[in-house]
*Asks:* 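Can you read through this structure? Questions will come right after.
This one's a predicted model, so the numbers in the text were calculated from it and none came from an experiment. The first residue in the sequence is number 1, and the count goes up from there.
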Amino acid sequence: MRIAYLSLTAAIAFAAMAPVSATAGEPAAEQTTSSAIADAVATPDRPEDARKLDESRKPVEVLTFLGLEEGMAATDVMTGSGYWAEIMGHAVGSTGSVIALEPTQFYNEEKQGADWQNLQSRAPAVALKTYSFEAFSYPADSFDFAIINLSYHDIYWESVKYNIPKSDPDKFTNGLYAAMKPGGIVGVIDHVGEGDDTRALVDKMHRIDPAVVRADFERAGFVLEAESDLLTNPDDDHTKGVFDASIRGKTDRFLMKFRKPR
């Protein structure tokens, strides 16, 4: 792993010495953004558990596709361990900020507090804030960029064990729409599922039909700007739950880029 890190660092340094040009059809601005994100991913003090996820999550390619830029006010919604928040915290630079939003039902200060203190010491641009799962809201026009990774489907989930009541997807997407600045970007990554009963599908397999996600966001006013096959896996037949050992971490995932109109 140390050798891989040194190789990536050397590649970034070499690229920085050369003139920036739009080779292979890639705009110069996009090359610069990709380099900054690659540098963030290569930060040497990222935890090993996070680094192990890089191969399947492809953070450089995903964040470049979505258009994360230095100076943005960004958020990682339902942040979990803070994987994306930490990377973005480095990528947005000293002029940007990242709010890691976590439902109160998922956060345990006693068990996770020290981990978050360590993350914030590594990435000072990141701040953790909690909210009630079923009542998402944030001040209007707060964010330029948001990412929801493998968790939007949970808006259709109910759990007595985890104190998750039945939620209204429209309430969530409307709240997120209000929180985004005009022109703001929302990236959604989730496990591909098939079936007409979304709540039953989520409860059984924690998957969701991409068409349902698109309809939810468009109903709130977002525009689907682009989709990517970066995270697709044709070997996943969509019939197994995402925690099945044979497919866990390798599910077929869709990647959508939504924008709030200016």
Side-chain angles (χ1 to χ4, degrees), residues 37 40-41 46-47 49-68 72 74-92 98-103 105-107 112 115-116 119 123 126 128-131 133 136 138 143-157 167 169 172-173 175-176 179-180 184-193 202 205-210 212-214 216-217 222 224-233 236 241-243 247-259:
I37 296 170
V41 172
R46 286 181 64 223
D49 286 348
R51 291 186 185 280
K52 289 178 181 178
L53 297 172
D54 291 348
E55 183 177 359
S56 65
R57 293 191 175 185
K58 301 181 180 179
V60 177
E61 296 91 334
V62 167
L63 292 176
T64 299
F65 166 76
L66 292 175
L68 180 70
M72 280 184 163
T75 182
D76 179 14
V77 183
M78 289 183 271
T79 186
S81 66
Y83 171 92
W84 290 100
E86 181 167 1
I87 293 172
M88 294 194 299
H90 291 295
V92 297
V98 176
I99 301 297
L101 290 170
E102 183 73 343
Q105 291 96 322
F106 293 168
Y107 182 70
Q112 299 166 276
D115 289 341
W116 271 98
L119 186 155
V126 178
L128 175 67
K129 295 185 182 297
T130 59
Y131 66 95
F133 183 93
F136 175 84
Y138 209 80
F143 302 118
D144 301 295
F145 184 96
I147 191 168
I148 308 173
N149 179 69
L150 304 180
S151 54
Y152 178 74
H153 66 266
D154 285 332
I155 299 298
Y156 285 88
W157 182 50
S167 300
F172 175 84
T173 53
L176 183 60
M180 301 305 297
I185 297 164
V186 178
V188 182
I189 302 165
D190 220 324
H191 311 280
V192 177
V202 169
M205 294 195 287
H206 284 267
R207 295 176 180 268
I208 192 166
D209 187 334
V212 170
V213 177
R214 177 174 181 173
D216 287 356
F217 276 77
F222 289 102
L224 179 62
E225 187 168 285
E227 298 181 79
S228 172
D229 61 1
L230 273 168
L231 304 175
T232 58
N233 178 11
D236 177 6
V242 302
F243 302 115
I247 199 63
R248 186 168 188 172
K250 301 175 288 186
T251 55
D252 185 22
R253 288 160 285 163
F254 59 87
L255 169 57
M256 295 179 177
K257 178 181 180 179
F258 294 97
R259 191 181 293 274

*Asks:* Is Phe258 close to Ile148 at the side-chain level, that is, under 4.5 Å between some pair of heavy atoms?
*Replies:* no
*Asks:* Side-chain contact test, heavy atoms from C-beta onward, threshold under 4.5 Å: evaluate it for Asn149 versus Tyr83 and give yes or no.
*Replies:* no
*Asks:* May I ask you to test the Asp216-Val212 pair for a side-chain heavy-atom distance under 4.5 Å?
*Replies:* yes
*Asks:* Under 4.5 Å between any side-chain heavy atoms of Pro59 and Asp54, yes or no?
*Replies:* yes
*Asks:* As an exercise, state the distance from CZ of Phe172 to CG of Asp154, rounded to the nearest 0.5 Å.
*Replies:* 10.0 Å
*Asks:* Taking Ile99's backbone N and O only, do any of them form a donor-acceptor pair with Thr75's side chain (distance below 3.5 Å, no angle check)?
*Replies:* yes
*Asks:* Look at the aromatic rings of His153 and His206 and report parallel, tilted or perpendicular, splitting at 30° and 60°.
*Replies:* perpendicular
*Asks:* Roughly how far, to the nearest 0.5 Å, is the CD1 atom of Ile208 from the CG atom of Leu150?
*Replies:* 12.0 Å
*Asks:* Can you name the nearest heavy-atom pair linking Ala74 to Leu68, along with the distance?
*Replies:* CB-CD1, 4.3 Å
*Asks:* Measure the spacing between CG of Asp76 and CD of Glu86 and express it to the nearest 0.5 Å.
*Replies:* 11.0 Å
*Asks:* Could you tell me which non-hydrogen atom of Ala123 sits nearest to which non-hydrogen atom of His90, and how far apart they are?
*Replies:* CB-NE2, 4.0 Å
*Asks:* Considering non-hydrogen atoms only, spot the tightest contact between Val126 and Ala100 and give its length.
*Replies:* CG1-CB, 4.2 Å
*Asks:* Less than 4.5 Å apart, any side-chain heavy atom of Asn233 and any of Arg253?
*Replies:* no
*Asks:* Leu176 and side-chain contact (heavy atoms from CB on, under 4.5 Å): which partner among Tyr138, Tyr152, Phe222?
*Replies:* Phe222
*Asks:* Quick check on side-chain contact (heavy atoms from CB on, under 4.5 Å): which of Thr232, Asp209, Leu231, Val213 does Phe254 satisfy it with?
*Replies:* Val213
*Asks:* Return the CG to CZ distance between Leu255 and Phe65, rounded to the nearest 0.5 Å.
*Replies:* 5.0 Å
*Asks:* Grab the two heavy atoms, one from Met180 and one from Phe145, that are nearest each other, plus how far apart they are.
*Replies:* CE-N, 3.7 Å
*Asks:* Looking at Ile87 and Ala40, what are the two nearest heavy atoms and their distance?
*Replies:* O-CB, 3.5 Å
*Asks:* Can you tell if the side chain of Asp236 reaches within under 4.5 Å of the side chain of His191, non-hydrogen atoms only?
*Replies:* no
*Asks:* Distance from Met88 atom CE to Thr79 atom OG1, nearest 0.5 Å?
*Replies:* 7.5 Å
*Asks:* Are any non-hydrogen side-chain atoms of Arg57 and Val41 less than 4.5 angstrom apart?
*Replies:* no
*Asks:* Looking at every non-hydrogen atom in both residues, tell me the closest pair between Met78 and Glu102 and how far apart they are.
*Replies:* C-OE1, 3.4 Å
*Asks:* So, the side chain of Asp144 versus the backbone of Met72: is there a donor-acceptor pair under 3.5 Å, distance only?
*Replies:* no
*Asks:* Rounded to the nearest 0.5 Å, how far apart are NZ of Lys257 and CD1 of Ile189?
*Replies:* 13.0 Å
*Asks:* For residues Glu61 and Ser228, determine if any side-chain heavy atom of one lies less than 4.5 Å from a side-chain heavy atom of the other.
*Replies:* no
